[in-house]
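Everything below concerns the one structure shown next.
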Amino acid sequence: SMCKNLLKNNQWEILINDLNPEKEKTLEIHGAKITRSMEEIFKKSDLVITCLPGGSFVKELYFTKQNMIQNIKKGQFIIDMSTSQPDLMVELEKEATARKAYFADAPIARTRQAAVDGTLAIMVGSEKIVFQKILPVLEYMGQDIMFCGKAGSGQLTKCECVTATTGTGTYTGPNALYNCENDPTTCCSGRTAPDRWKCTSKCNCVIGGPFDLYATLHDCQVAINNNC
C-alpha cells in the first residue's frame with residue numbers, strides 16, 4: 001500500500017524487490033519495475049526505502065547475509081521504515097555517512113488502512129537537512145510526519161508513543177521514555193485490534209525527564225527489538 005502511494009507520482013521510476021512474487025506482480029500492474037535483487041535496487045536508485053519485519057531482518061539486509069551496506073553509493077538517500085533497534089539505526093547512519101550518503105530511520109505507526117490511505121504517522125530520525133530532502137517522499141505515505149532528531153530518534157519516539165498509549169504511565173511529551181517493567185506481559189497491549197501493539201518481555205525504557213539519545217539506546221532496545 002505504501003508503495004502504491006509512491007507510484008502516484010508518475011515522475012518517479014519505482015524499482016521493487018519483495019520475497020512475495022504476488023505483491024511484486026500487483027505493484028508491477030500499478031507501474032513499478034520488478035528487479036532481480038536488492039543489489040540492483042541499491043546500484044540503480046537515488047533513494048532506497050526498506051521496510052522489514054524487525055531489526056534482525058534489517059541487520060541481515062545491510063550487514064550480514066546480504067551486506068547491502070557495501071552497495072550504498074555517494075549522494076544516495078537511504079530510508080529505513082522498519083521498527084528496529086535505535087543503535088542499529090545509528091550504525092547505519094554512520095556507515096552511510098562514511099560512504100558520503102544520507103540516512104534516516106522512519107518507523108511507521110497506525111493501521112493497515114492508514115497505509116492504504118497514505119495517512120500513516122512517521123517518526124523520522126536524521127539530520128535536519130536530510131529530513132527536509134526526504135519529506136516530499138514521505139508525504140505520499142504519511143499524514144503526521146515528525147522530525148525527532150538524529151538517527152535513532154525515530155525508533156525511540158515510536159517506542160515512547162507505544163508505551164504512552166498503554167495506560168501504564170503518564171505521557172509527558174517527547175523528552176521522556178517509560179518503564180513498563182511492573183507488568184511486562186501486558187505493558188504494550190493497550191491498543192485495540194487491528195491497531196494493536198504486543199510485548200512479550202519488559203519494555204524497560206528509561207524514565208525521568210530529558211534524556212541523552214546515545215545514553216538510552218541500549219536501555220530502550222529491549223522494548224522494540226522483536227517485542228513491540
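We count residues from 1, following the sequence as given. Note that this is a predicted model, so its numbers are computed, not measured.
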Just wondering, do [Y] and [X] contact through their side chains at under 4.5 Å, heavy atoms?
X   : Y    : value
M89 : S84  : yes
C3  : I14  : yes
I78 : F42  : yes
E93 : K150 : no
Y62 : L88  : no
Q85 : K59  : no
M68 : T50  : no
I72 : E95  : no

Please report the interatomic distance [atom1]([X]) to [atom2]([Y]), rounded to the nearest 0.5 Å.
X    : Y    : atom1 : atom2 : answer
Q76  : D46  : CD    : CG    : 7.5 Å
K25  : D18  : NZ    : CG    : 12.5 Å
D80  : Q155 : CG    : CD    : 7.0 Å
M141 : M81  : CE    : CE    : 4.0 Å
S153 : M123 : OG    : CE    : 12.5 Å
I41  : L47  : CD1   : CG    : 11.5 Å

request  = Check the hydrophobic clustering (I, L, V, M, F, W, Y; side-chain heavy atoms under 4.5 Å; chains of links allowed) and say if Y140 and V116 are grouped together.
outcome  =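 Different clusters: Y140 never reaches V116 through Ile, Leu, Val, Met, Phe, Trp or Tyr contacts under 4.5 Å.
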
Grouping I, L, V, M, F, W and Y whenever their side-chain heavy atoms are under 4.5 Å apart, do F77 and I129 come out in a common cluster?
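Both belong to a single hydrophobic cluster.
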
key: side chain to side chain contact (heavy atoms under 4.5 Å, CB included) between M2 and I49, worked out   = CA-CA 11 Å; M2 293 162 64; I49 297 174; 5.7 Å; no

Next on the checklist: If you apply the rule side chain to side chain contact (heavy atoms under 4.5 Å, CB included), what do you find for F131 with I145, and how did you get there?
Outcome noted: CA-CA 10 Å; F131 173 75; I145 304 169; 3.8 Å; yes

**OP:** May I ask you to check whether over 12 heavy atoms, not counting those of K73, lie within 6.0 Å of atom NZ?
**Re:** yes

Any chance you could lay out the side chain to side chain contact (heavy atoms under 4.5 Å, CB included) test for R99 and I69, step after step, and finish with the verdict?
CA-CA 9 Å; R99 290 162 173 78; I69 201 76; 4.1 Å; yes

Do [X] side-chain atoms and [Y] backbone N/O form a donor-acceptor pair below 3.5 Å?
X    : Y    : answer
T83  : G54  : no
K158 : I108 : yes
D105 : G154 : yes
S82  : L52  : yes

Side chain to side chain contact (heavy atoms under 4.5 Å, CB included) between K44 and L15, intermediate numbers included
CA-CA 9 Å; K44 290 184 176 180; L15 307 179; 3.8 Å; yes

